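As the structure is a prediction and not an experimental result, all values here were calculated from the model.
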Amino acid sequence: MNILVTGGAGYIGALLVPKLLADGHKVTVLDTMWFGDGHLPKDNGNLTVIKMDVRDYRLANDAVIWLSSVSNNAMYGVNYDLTHAVNTFISKDTTKFIYASSVAVLDPTSDYAKDKLFCEAALKDSGAIIVRSASVVGYSPNMRFDTTINKMTHDAYKTGVITVNGGQQKRTHIHIDDLCDFYRAALTKAEAGKTYTLWKMSESILEAANMVAINFNNAGRKVSLEVRERSDDRSYSLGWSGDKVLPEWLGAHRPVANAVSGMISRFQAGYWKDTSDELMWRINRGI
């Protein structure tokens, strides 16, 4: 199958694209390359990488996995017009179209959630497959450390301290490998026109911080928690608690704690990437 992955050089795409290639697909990645394309496979005849703004998208393929977005709420404050324009652009010209949405649309209080909901509405009755993913956790060749648990893991390793602002806010999470496996399977098994809400664990931020701390303790590295005044009222609890079973056709699913222990193992083995403000810098300048 010829598959176009928009935003395919990012956090999820850097892990998903090699899996799609291993499955025997031909893959075209379309990305602005704000973080480069060095994390994608080299010298693979089945991979084409195109540096392009998604709003210039004019490519035909058998299937599209639409990952592209500016997926950080803070970016709206840096450059609202650009962030809003990118996140509300959608172009469906293929029968098999898989759109990466977010569980945030279930309580759309942020600009990011509202823009995702706008795109869902634009795709209504088109046969598109909507994927409302929880916050993604785990190692990718192109890491993000601005999501809740990834940031906690980053901070714990770098400073020995996990800072929690408030702690009672709710979050939902999913292992990055489970999400990638879903996209792979969805190409042939997901129902056209259906919305899938994907999550594995729902808990408070303080509970998530304790889980990260336990993983570090198990790895022989003690970390501490520092609880500060609440600064963020967003909660994505979905009204549930505990584990949510993913679609049966996805197969086995992984505990989120395993994603944390996997990141710790990567760090201990020598992998490191400092959190960078490069994306904010670029968006602020309209790049």
Give a yes or no answer on whether the side chain of [X] reaches the backbone of [Y] with a donor-acceptor pair at less than 3.5 Å.
| X | Y | value |
| --- | --- | --- |
| Tyr157 | Phe267 | yes |
| Gln169 | Gly167 | yes |
| Asn87 | Val70 | yes |
| Ser261 | Asn258 | yes |
| Lys222 | Gly160 | no |

### Task
Run through Asp178, Asp23, Asp177 and flag the one making a salt bridge (Lys or Arg N to Asp or Glu O under 4.0 Å) with Arg184.
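In the set Asp178, Asp23, Asp177, the residue that makes a salt bridge (Lys or Arg N to Asp or Glu O under 4.0 Å) with Arg184 is Asp23.
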### Task
In sequence, state the C-alpha distance, the side-chain angles, and the governing distance for Thr6 and Phe89, and then conclude on side chain to side chain contact (heavy atoms under 4.5 Å, CB included).
CA-CA 12 Å; Thr6 68; Phe89 178 83; over 6 Å; no
Non-hydrogen atoms of [X] and [Y] that approach each other most closely:
| X | Y | result |
| --- | --- | --- |
| Gly166 | Val227 | O-CG1, 3.7 Å |
| Thr153 | Ile264 | CG2-CG1, 4.3 Å |
| Pro255 | His175 | O-CD2, 3.6 Å |
| Tyr99 | Cys119 | OH-CB, 3.2 Å |
| Met1 | Ala63 | SD-CB, 3.8 Å |
| Tyr11 | Ser140 | O-OG, 2.6 Å |

Nearest-0.5 Å distance that lies between atom [atom1] in [X] and atom [atom2] in [Y]:
| X | Y | atom1 | atom2 | answer |
| --- | --- | --- | --- | --- |
| Leu21 | Leu40 | CG | CG | 9.0 Å |
| Asn142 | Ile12 | CG | CD1 | 11.0 Å |
| Lys26 | Leu4 | NZ | CG | 15.0 Å |
| Ile205 | Glu203 | CD1 | CD | 9.0 Å |
| Ile130 | Thr197 | CD1 | OG1 | 10.5 Å |
| Met143 | His154 | CE | NE2 | 9.0 Å |

Are the side chains of [X] and [Y] in touch, meaning some heavy atoms are under 4.5 Å apart?
| X | Y | result |
| --- | --- | --- |
| Ile214 | Met211 | no |
| Trp199 | Arg132 | no |
| Ile176 | Tyr139 | no |
| Asp62 | His25 | no |
| Lys96 | Ile3 | no |
| Val5 | Leu67 | yes |

### Cationic N near anionic O, under 4.0 Å, Asp107 to Lys170
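Salt bridge: no.
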### Basic-acidic side-chain contact under 4.0 Å: Lys151, Asp155
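Salt bridge present between Lys151 and Asp155.
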Any link between [X] and [Y] through a network of hydrophobic side chains (Ile, Leu, Val, Met, Phe, Trp, Tyr) touching at under 4.5 Å?
| X | Y | value |
| --- | --- | --- |
| Leu179 | Leu187 | yes |
| Tyr76 | Val105 | no |
| Val54 | Tyr80 | no |
| Ile50 | Val86 | yes |
| Ile90 | Met52 | yes |

### Query
Looking at Ile149, Asn150, Leu15, Ile174, which hits side chain to side chain contact (heavy atoms under 4.5 Å, CB included) with Val136?
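It is Ile174; the other options fail the test.
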### Message
Let's go through Met263 and Asn215 carefully: what are the C-alpha distance in whole Å and the side-chain angles of both, what is the deciding distance for side chain to side chain contact (heavy atoms under 4.5 Å, CB included) to 0.1 Å, and is it a yes or a no?
### Response
CA-CA 10 Å; Met263 284 189 286; Asn215 271 271; over 6 Å; no
### Task
Just do the side chain to side chain contact (heavy atoms under 4.5 Å, CB included) check on Leu206 and Gln168 with the steps written out, would you?
CA-CA 6 Å; Leu206 185 56; Gln168 299 310 308; 4.3 Å; yes
### Message
More than 12 heavy atoms of other residues, nucleotides or ligands under 6.0 Å from NZ of Lys19: yes or no?
### Response
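Atom NZ in Lys19 is crowded, with more than 12 foreign heavy atoms closer than 6.0 Å.
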### Query
Does the side chain to side chain contact (heavy atoms under 4.5 Å, CB included) test come out yes or no for Val64 and Lys92, once each step is laid out?
CA-CA 8 Å; Val64 173; Lys92 180 184 182 301; over 6 Å; no
